[in-house]
Protein chains: 2
Amino acid sequence: MPLNPKKTILYPLIGVDVALFCIEGQGLKALLVQRSQEPHSAQWALPGGLLKPDLDASLEDAAKRILRNKIVVDVPHLKEVCTFSGPNRDPRGWSISVLFYALLPRDQINALINNKVEAVKWDDAAEPAQPLAFDHQQQLQTALQILREKVELHNLPLHLMPTLFTLTQLQQTCEAILGRSLDKSVFRRRLKQEAHSRSLIDTNQKETGLQRPATLYRARPGFDF
Amino acid sequence: MPLNPKKTILYPLIGVDVALFCIEGQGLKALLVQRSQEPHSAQWALPGGLLKPDLDASLEDAAKRILRNKIVVDVPHLKEVCTFSGPNRDPRGWSISVLFYALLPRDQINALINNKVEAVKWDDAAEPAQPLAFDHQQQLQTALQILREKVELHNLPLHLMPTLFTLTQLQQTCEAILGRSLDKSVFRRRLKQEAHSRSLIDTNQKETGLQRPATLYRARPGFDF
DNA sequence: AGAATAGTGTCTGTCAGACAGTATCGC
DNA sequence: GCGATACTGTCTGACAGACACTATTCT
């Protein structure tokens, strides 16, 4: 007896993926994990997993739970990018992935590795060293595009910064995201305008360094990117 | 024997909702349908429905299929806004809704009604006359916000216009979306800049009216909002 | 001519880009 | 003083807001 076509349709897989960005050295990096299970076992992919309605209060919660299994530190600021869906993007069948992005402070990028099964690494966000599983190459590209648009529109990626930072460091972070250099004078002039000065707090502290000390700033509590 | 708690978790409902906008009179309207089934029977809501993996090639496809059941004309330009999810937003249990918005040309707003069960109406997009079912009030507000941000950033909502339109009509459409009046000179000066003039085609035709005839324009084929 | 709508010109303030200049540290 | 980095000043061009102005139709 032939299968009823309707019976061959499984309920769609519902997953979340996260593009977790950080600044390492001079470049923007994204967290990749090496898959330990089929499908696409051994390939590198964005951290992701399936929704568990009994554990998660929302899709964003699911993303946070999955991130906690990969890295030690909490990443409080997750933002939804968009969804990816269709019958062919996962060999197991019709699937939905909701993509989020998140930013990890520079001083926490070594606090990773909370996972004994999968290898984890930071890779170039704009051009990963190897192809990614599923449609994750496209997902990463989309997340990066959203990130760049926000910075172009003068949003400050303060969540990538350590607690205390100089304006030069902040400018270098923006440059790493945009992939181009910015004019120092223009950058600092913008920060003095009302909208931005509310996000930045002058700590009156100075960086101890070899040259002229720079003023240290911190993000306003509750700052949202 | 007590239920296994895990068995009480049903698979999440996966649905799509659409905020379909049009211009009627001087205002921005959104399409609402009166629900004919539980939950929230008889309440007004955004057009929406459940994903059918055997029929839909993607979530956007699902949204198009659902719209076709409500209105006659095809609405080709659907854009994803974001998702809404959680255990409490639908009384049937854990649910996900992916929200899309779409724009209906002004000369097609009377080609609606493809549905014998549900009542359909255009309501004020910014302030619907009655509360909406589920979290659709919040969904509509979010979609409207995205629409306004795009127009503020000088995107042209050409998909709301009839095939041929004058610049004054286009300006009135933008004003209806933003909820504020715009300066005619500024508006037209922007349109002459390179980026916009590629989207607008001067047809060399004139509107037949009671006063000075206005130049008629049409959208460049393939224009995307 | 006058009403009504289409379309243009101009003044001004704001801000971005470019780039030169000044300030403050260690050696 | 000199190198290095932090930080500021200034010129210019692009563009937005405001508003007055001209142009073309109908009655």
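The chains referred to below are lettered A, B, ... by the order of the sequence lines, with proteins before strands, and numbering in each begins at 1. Treat the numbers as computed from the prediction; the structure is a model and nothing was measured.
Mapping A:Lys184 and A:Arg190 onto DNA chain C via the closest heavy atom, the residue that lands nearer the 5' end is A:Arg190. If you find the closest nucleotide of DNA chain D to A:Gln211 and to A:Lys192, the one lying nearer the 5' end belongs to A:Gln211. Nearest-nucleotide positions on DNA chain C place B:Ser185 closer to the 5' end than the other of B:Ser185 and A:Ser185.
Note: NE2 (B:His196) to P (D:dC15) measures 12 Å, nearest angstrom. One atom, NZ of B:Lys206, and another, C1' of D:dT24, lie 9 Å apart when rounded to the nearest Å. Rounded to a whole Å, the CZ atom of B:Arg188 is 18 Å from the P atom of C:dT10. As rounded to whole Å, 16 Å separates atom P of C:dA18 from atom CZ of A:Phe187. Between the CG atom of B:Asp183 and the P atom of C:dA6 there is a distance of 15 Å, given to the nearest Å. Between the P atom of D:dA23 and the CG atom of B:Leu167 lies a distance of 19 Å, rounded to the nearest Å. In this structure, the CD atom of A:Gln205 is 17 Å from the P atom of D:dA6, given to the nearest Å. Put simply, CD on B:Glu152 is 14 Å from C1' on D:dG17, counting in whole angstrom units.
In this structure, B:Leu31 and B:Val120 have side chains that are in contact, with non-hydrogen atoms separated by less than 4.5 Å. Contact check for A:Phe225 versus A:Leu147: side-chain heavy atoms found under the 4.5 Å cut-off.
Judged by distance alone with a 3.5 Å cut-off, no donor-acceptor contact links the side chain of A:Arg212 to the base of D:dA4. Side-chain atoms of B:Arg189 come within donor-acceptor range of the base of D:dA16, with a qualifying N/O pair under 3.5 Å.
Looking only at atom types and distance, the side chain of A:Arg89 has a donor-acceptor partner in the side chain of A:Ser95 under 3.5 Å away. B:Gln171 and B:Glu175 form a side-chain donor-acceptor contact under 3.5 Å, judged by distance and modelled atom types alone.
Residue B:Thr168 places none of its side-chain N or O atoms closer than 4.0 Å to OP1 or OP2 of C:dT5. For C:dA16, one of the phosphate oxygens OP1 or OP2 lies less than 4.0 angstrom from a side-chain nitrogen or oxygen of A:Gln193.
A salt bridge does not link B:Asp183 with B:Arg189: every distance from a Lys NZ or Arg NE/NH1/NH2 to an Asp or Glu carboxylate oxygen is 4.0 Å or more.
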